[in-house]
Structure formats: structure tokens, C-alpha cells
Colleague: 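Have a look at the structure that comes next, please.
Lettering follows sequence order; numbering is per chain, from 1.
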Amino acid sequence: MDLLQDIALNVQSGYTEKTRKAVEQAVAEGIPANDILHKGLIAGMNVVAERFKTGQMFLPEVLAVAGAMKAGMTIVRPLLEMTNHESLGKIVIGTVRGDMHDIGKNLVAIMLQGAGFDVVDLGTDVRADKFIEAVEREHPDIIGMSALLTTTMVHMKGVIEALEKKNLREKVKVIIGGAPISRNYAQEIRADGYARDAATAVDLVRTLLNSTRATAAV
Amino acid sequence: MRNRFTTAALDSGALLFGTAKFPLTRRGVTIGGGSVIPEINFTLPPMDVEQGSMEEVKKIYLEMIDSVCRRAVELHQREIIVEFELLPEMTLNPVWGEEITALLQRSLEEFLDRDGLQSLLRITPVDIRETSKPPRRREGREVDTLFDAFRRCARAGGDMLSIESTGGKEVTDPSIIAGDLRGIIFGAAILGSADMEYLWEQICSIGKETGSIPAGDTACGIGNTAMILADQGYVPKVFATVVRAVTAVRSLVAYEVGAVGPGKDCGYENAILKAITGFPMSLEGKSAACAHFSAIGNIAGAYADLWSNESVQQVKLLSGMAPVVSMEQLIYDCRLFNAAVNKGSAGDLRDLLVDSDALLDPQAFILRPDVVRSLAKAIVAEREDYGRGVRVAWEAVRLMKDAASHGELLISDREGSWLERMELELNGLPATSMQFVSEETERWSDAFDCTQYLVETHA
């Protein structure tokens with residue numbers, strides 16, 4: 001069997017040790033790190049993401065798979081860094097000021113990491129200035145904000161206004177989510193997107209990054 | 001001082017809405033004395049809560065209480081319960097919570113004087129101890145502020161004291177996501193119970209000091225998190241069901257240190273707690289769909305002494321503002337409950353509520369009266385929290401397997417394999433609490449601060 005296919009299948013099955021060994025073998029055989037990442041690890045995770053989205057897998061099973069992905073990434077990442085490989089994308093994520101709910105935000109972070117994105121999690125009760133600091137420090141492609149309360153969702157708008165004031169708004173996309181949030185609210189506060197759950201958040205991030213890169217390429 | 005229940009107060013025949021073994025009476029309102037009373041809760045529309053908006057906040061609360069009471073009077077409802085669930089800002093600034101409590105109580109008294117509408121006010125501060133990371137649960141500014149909020153709100157007119165406490169959540173959150181039953185037993189039954197014992201001793205003491213009723217808690221942050229994730233297909237429903245069963249061990253502790261009910265609405269473990277304690281309970285189901293979805297819309301009503309909408313924000317619907325809509329729905333639900341009681345048909349209605357849900361979802365199945373009774377017996381058969389958690393988890397798995405094999409519960413093959421997985425996990429647990437706590441404290445050492453729980457980890 002093709003070694004890259006083998007890696008993808010091991011990732012899909014959540015076989016951490018087999019994934020690690022297959023990736024090591026691929027590196028030893030001189031397969032480019034970029035191919036190992038995209039045609040092996042991410043190809044496997046994409047199958048898993050689709051299964052999860054269509055209700056064929058539960059999250060704990062996805063987490064086991066994410067462990068295998070992580071094992072492979074540990075080997076591939078240093079090689080990618082040496083080849084000036086472009087990151088799949090970096091997302092800074094947090095629950096807004098006054099809100100201590102974090103399980104939804106954590107799920108989004110887990111799904112994004114599983115899909116190969118770099119995630120910087122700011123935690124809960126994150127004030128606008130902390131988001132700004134993180135944007136200046138981390139240079140993310142996207143910031144994601146979460147809120148569960150009607151009285152804290154209003155702080156999302158404050159973060160967007162703070163980004164505008166600091167002339168950072170054009171440099172970063174903003175996505176939002178949480179129980180009281182809707183697509184209309186996202187439009188109202190000029191966010192770039194709204195995701196109703198963790199699985200669709202991954203799709204949204206991919207769509208936004210693809211459109212950003214397509215625009216940049218033009 | 002914790003007095004552990006060693007027997008269950010009610011058998012399955014006596015488990016019925018509107019009737020508790022130990023009803024509760026305050027200011028002319030009896031809870032669990034033969035009728036179901038609506039419990040309404042409402043919250044603000046999207047807005048910032050800060051010093052500058054407090055006048056507007058109060059105005060909206062006044063509009064909400066006035067409009068729901070008016071609708072209750074128009075529909076000839078004689079008794080209502082109002083829950084004021086403080087927002088985080090109102091707990092962090094207890095004076096704000098106190099002022100709104102006073103405003104709500106004044107309004108309720110006006111309706112009593114003018115229209116004869118009897119009412120009680122439940123106040124529920126937020127567990128702001130989570131503000132610090134890792135949470136400081138027994139010391140520090142947040143703890144002092146939380147108890148200050150309880151005290152102030154009680155003195156300002158809060159008849160009943162409740163909280164959705166979050167002890168153990170540092171461990172249960174990741175355990176739910178990972179489908180880790182061992183972590184659930186540690187987070188809920190060990191850490192959760194230890195925190196409940198501390199927290200509810202304080203709340204009961206405030207109750208004594210102020211004359212307010214120490215009502216009860218809910219494992220919302222554990223059981224309902226699992227339930228909602230199961231509803232979204234993230235975790236198996238059978239796993240969420242076992243999580244619910246284990247939460248009963250932790251929520252029971254409030255009553256073992258002095259709470260007397262009514263338990264808080266979103267604790268579906270309240271069915272089991274009613275069977276053990278005999279205290280009245282609040283529950284919510286189909287008429288709480290304004291706040292969250294569930295698979296137990298009817299069956300939860302089988303145990304309700306108070307019937308709640310959970311919470312609804314002040315937004316306009318076609319008929320009127322959402323809290324008024326909720327009030328009307330709850331009143332009609334309660335009329336049906338109470339008409340059944342008056343006709344001697346309460347048992348029949350209870351059975352219909354149970355039969356209409358129990359087959360379709362394991363989370364509904366474990367609210368079947370015979371199952372509730374079995375789970376209650378499993379808990380009181382053990383003295384230690386570890387033993388209780390393990391035994392009730394085993395019982396929940398066993399009952400689901402048995403029901404599925406007899407066609408009394410529909411579960412998919414994927415779900416069925418999780419029953420096997422949980423059996424394996426339970427089989428691998430250590431024999432003693434001491435060993436389990438020691439192992440789990442080590443495993444979760446990065447996730448929580450064990451000094452905040454004071455659980456014994458060494459012999």
C-alpha cells in the first residue's frame with residue numbers, strides 16, 4: 001500500500017503508534033514533508049471530520065484520532081518549518097468578557113487543531129484589549145469569539161470596534177458563535193462569519209482562509 | 001454536618017408530580033402539597049450590564065415581572081414562583097443583585113395586595129468562583145462576594161436560595177468531551193460532592209441567618225452539558241445518561257447538609273433526589289424549549305412540584321413579550337397537572353407523560369419511575385461518594401442494557417457499543433475510594449487545584 005495512504009488510514013483509525021512509525025518511515029524514504037502533511041495526515045483527518053459531521057463518529061472517537069494526528073505532526077512540523085511551509089492558518093480564540101462558559105469554545109479549538117490549524121486559546125472572560133494584544137502578538141488569520149449569555153454577546157461588537165480603532169480589522173477575519181448568536185447578529189456587528197457548532201466552524205474557517213488567500217493571490 | 005441518606009423516602013408508586021413527602025410552606029404558598037405551581041424565570045435581552053445601564057436594567061426587570069404577574073392574574077392563576085437568576089455582573093456586584101431582588105419582591109407584594117396573587121421568589125446567584133483560573137472554591141474575593149450576594153439577596157426578599165454550582169467542572173468538562181466515565185465519577189461524585197458539602201453548609205447557614213429557605217442545587221454544568229452534547233451527536237446518549245445518574249450523587253449532598261427543596265429546575269437528577277429525600281422539586285421540560293432542547297419534554301413533568309421554563313429573554317414574539325408567553329404556557333401545563341390531581345387521575349397523567357418519552361431516548365428512560373427508584377436505591381445503599389458514583393453508574397448501564405434487550409428502549413448499535421465500553425471502564429475501577437482518589441488526583445493534577453476540595457488522597 002502507498003505509504004501516504006497508510007498514514008491516512010492509521011490516522012482515521014486513531015492508531016497513534018502506527019501513525020508515528022509510518023510518518024517516520026515516510027521521512028526516511030525522502031517523501032516531502034508537505035506531502036506527508038497534506039496527502040497523509042490531513043487526508044486522514046478530512047475523512048474523520050466528514051464522518052463526525054455526518055453523525056458516524058462521536059467526539060471521543062475523534063479525539064482518539066486527533067492523538068494520532070498529533071503524533072504525526074510532532075515529526076512533520078520541524079521539517080515543515082525548515083522548508084518555509086505556509087501554516088494552514090492560525091486562529092486566536094476566546095470567550096468574551098464577563099462570560100465564563102467555555103465548553104463550546106473548547107470544542108471549536110479541538111476541532112480546529114484536529115484539522116491541522118494552529119490555535120491560540122485565550123480562555124474565558126477575555127477583554128477586548130486581550131484580543132487586541134493577541135492579534136498584535138500572534139498575527140492570526142482569524143479570531144473566534146464565543147458567548148453564551150445575552151448580556152455578554154454585546155462585547156463581541158466591542159472587540160470588532162477595538163480592532164477597527166487599532167487598524168487591525170483588515171488584517172484579521174472575525175468569526176463568532178454561541179447559543180444566543182445568529183447569522184443576523186454576525187452581520188449586524190460586521191463579523192465575517194457565524195458558525196452554529198464546532199464542526200461547521202472548521203468549514204467556516206476553511207472557507208474564509210481560502211477566500212483570503214484567493215484574494216491575496218489576485 | 002452531613003447526614004447521609006441511607007434509605008429512599010418514596011417508592012415508585014408515590015413518585016408523582018405535585019406531591020412531595022415533605023411539602024414546604026412559606027407565606028401561604030405550599031410546594032409539593034398536592035398541586036403543581038409554575039416557576040417563571042426571565043433574563044435581559046442583548047445588552048451590556050454595567051453601572052451606566054443599571055437604570056435600564058431595572059426598568060426591564062420591572063416590565064418583565066409586571067407583565068408575567070399580570071398574565072397570571074388574567075389567567076386566574078393563584079400562585080406563582082419567580083426565579084431571579086443573577087447574571088455574573090449582578091453577583092460580582094452584589095448590590096445590583098440586591099436592588100433587583102428588592103424590586104422584584106416589591107412588585108410581587110403589590111400583586112398579592114391588589115390581586116391576591118401569591119408568590120415566592122427564588123434567588124440564584126452565579127457561581128462566580130469560576131472567575132479565577134483555576135477556580136478558588138473556598139477562599140478569596142470571589143468566594144466572599146458570592147456569599148455576600150446570597151446574604152444581600154436573601155435580606156432583600158429572596159424566599160429561596162439556590163445556585164448552579166460548578167465544583168468538579170475542571171475535570172468533568174474534559175471528561176465529557178473524551179467520554180471518560182472514570183473522570184466523570186471523580187469530577188462529579190468526588191470533587192463535586194466535596195464542594196457541595198462546603199458550599200451548602202455556607203448557604204444553609206445564610207438561610208438560618210436570614211430566614212430564607214436553602215432550596216437546592218443542580219448539576220446543570222455537568223449533566224446538561226452532556227445532555228446537550230448528546231443532542232448534537234457529539235457524545236453518545238447512553239454516556240450522557242450515565243453522567244446524569246452520577247450527578248445525582250453530587251446534587252444529593254445539598255439535602256444531606258440541610259437544603260429542603262425545591263431543587264432547582266434544570267437538575268433532571270431531581271427525579272432521583274425526590275425519591276431519596278421526599279423533598280419537593282422543580283423540573284422543566286417541553287415548556288423550557290425556549291432555553292434549550294431536550295429529549296425529556298414530557299417525562300420530566302412526572303416529578304414536578306414546580307414546573308419551570310428555565311429562562312427566556314425579554315424579546316418580542318407575535319403574541320407578546322417572551323416571558324409572558326412562557327408564563328401562559330406554564331400556567332396551562334399546570335392547569336392540566338392539577339385538573340388530573342383533582343379528578344384522581346394524576347397517576348394516569350403521570351404514566352402518559354412517562355410512556356410518551358421513555359422508549360425513545362435513554363435520557364428519558366432513566367426518568368421512568370421504576371428506574372428512578374432503582375437508581376435512588378443504588379445511591380443510598382452506599383455510604384461513600386465513590387461507592388455511590390460507581391454503583392449508580394453500574395445500575396444505569398445495567399438497566400439500559402436490559403431495557404434495550406426487551407424492546408423497552410431504542411438505542412442504535414453505535415450507542416450499544418458504548419454500553420459495553422462503559423462496563424469495561426467500570427470493571428477496571430479500583431476497589432477503594434482512597435486508591436481511586438489518589439490515582440485520579442494524580443491524573444488530573446494539571447486540571448484542578450486539589451487544595452480547593454480537601455478530598456483525602458492518602459490513607
Colleague: So which of A:A198, A:A199, A:A147 has the largest heavy-atom pair count under 4.5 angstrom toward chain B?
Modeller: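 Ranked by heavy-atom pairs under 4.5 Å with chain B, first place is A:A198.
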Colleague: Give the member of B:V49, B:D48, B:L44 that has the highest number of heavy-atom pairs under 4.5 Å with chain A.
Modeller: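 Result: the option with the highest number of such pairs is B:D48.
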Colleague: Just one of B:H292, B:E164, B:R244 clears the side-chain hydrogen bond (donor to acceptor under 3.5 Å, both in side chains) bar with B:N224, so which one?
Modeller: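 That would be B:R244; it is the only one of B:H292, B:E164, B:R244 passing the side-chain hydrogen bond (donor to acceptor under 3.5 Å, both in side chains) with B:N224.
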Colleague: Heavy-atom cut-off 4.5 Å, strictly under: side chain, backbone, both or neither for B:P88 against chain A?
Modeller: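 For B:P88, the side chain is the part near chain A, not the backbone.
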Colleague: I need the minimum non-hydrogen distance between B:P323 and B:I40, along with the two atoms involved.
Modeller: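 Of all heavy-atom pairs spanning B:P323 and B:I40, the closest is O-CD1, 3.5 Å.
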Colleague: Is B:Q313 close to chain A through its backbone or its side chain, or both, or neither, when contacts mean heavy atoms under 4.5 Å?
Modeller: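 For B:Q313, the contact with chain A is made by the side chain alone.
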Colleague: Salt bridge check, A:D2 against A:K39: does any charged N sit closer than 4.0 Å to a carboxylate O?
Modeller: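 Result for this pair is no, no salt bridge flagged.
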Colleague: Counting only heavy atoms closer than 4.5 Å, note whether B:T225 contacts chain A via side chain, backbone, both or neither.
Modeller: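 Contact with chain A: side chain only.
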Colleague: What part of A:F52 gets closer than 4.5 Å to chain B, counting heavy atoms only: side chain, backbone, both or neither?
Modeller: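 The side chain, not the backbone.
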Colleague: Measure A:R196 against the heavy atoms of chain B and call it side chain, backbone, both or neither at under 4.5 Å.
Modeller: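 Neither the backbone nor the side chain of A:R196 comes within 4.5 Å of chain B.
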Colleague: Whether the A:R20 and A:N10 side chains hold a donor-acceptor pair (N or O, under 3.5 Å, no angle test) is what I'd like checked.
Modeller: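 Judged by distance alone, the side chains do not pair up.
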Colleague: Tell me, for B:L87 versus chain A, whether the close heavy atoms (under 4.5 Å) come from the side chain, the backbone, both or neither.
Modeller: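 B:L87 touches chain A through side-chain heavy atoms alone.
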Colleague: Does any backbone or side-chain atom of A:H101 lie under 4.5 Å from a heavy atom of chain B? Answer side chain, backbone, both or neither.
Modeller: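 The answer is neither part of A:H101.
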Colleague: Do B:Q314 and B:T43 meet the criterion of a side-chain donor-acceptor pair at a distance under 3.5 Å?
Modeller: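 No.
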Colleague: With a 4.0 Å cut-off on N to O distance, would you call B:E440 and B:R182 a salt bridge?
Modeller: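 Salt bridge: yes.
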Colleague: Under 4.5 Å heavy-atom distance to chain A, tell me which part of B:I228 shows up: side chain, backbone, both or neither.
Modeller: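 When you check distances to chain A, no heavy atom of B:I228 falls under 4.5 Å.
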Colleague: Locate the shortest heavy-atom distance separating B:V246 from B:A188; write the atom from each residue and the value.
Modeller: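 Scanning both residues completely, I find the closest heavy atoms to be CG1-CB, 4.1 Å.
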Colleague: Specify which of A:D102, A:L63, A:T151, A:D197 makes the most heavy-atom pairs with chain B at under 4.5 Å.
Modeller: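 Most heavy-atom pairs under 4.5 Å with chain B: A:T151.
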Colleague: Decide yes or no on ring pair (Phe, Tyr, Trp, His ring centres under 6.0 Å) for B:F84 and B:F42, but give the supporting numbers first.
Modeller: CA-CA 7 Å; B:F84 169 40; B:F42 37 67; 8.4 Å; no
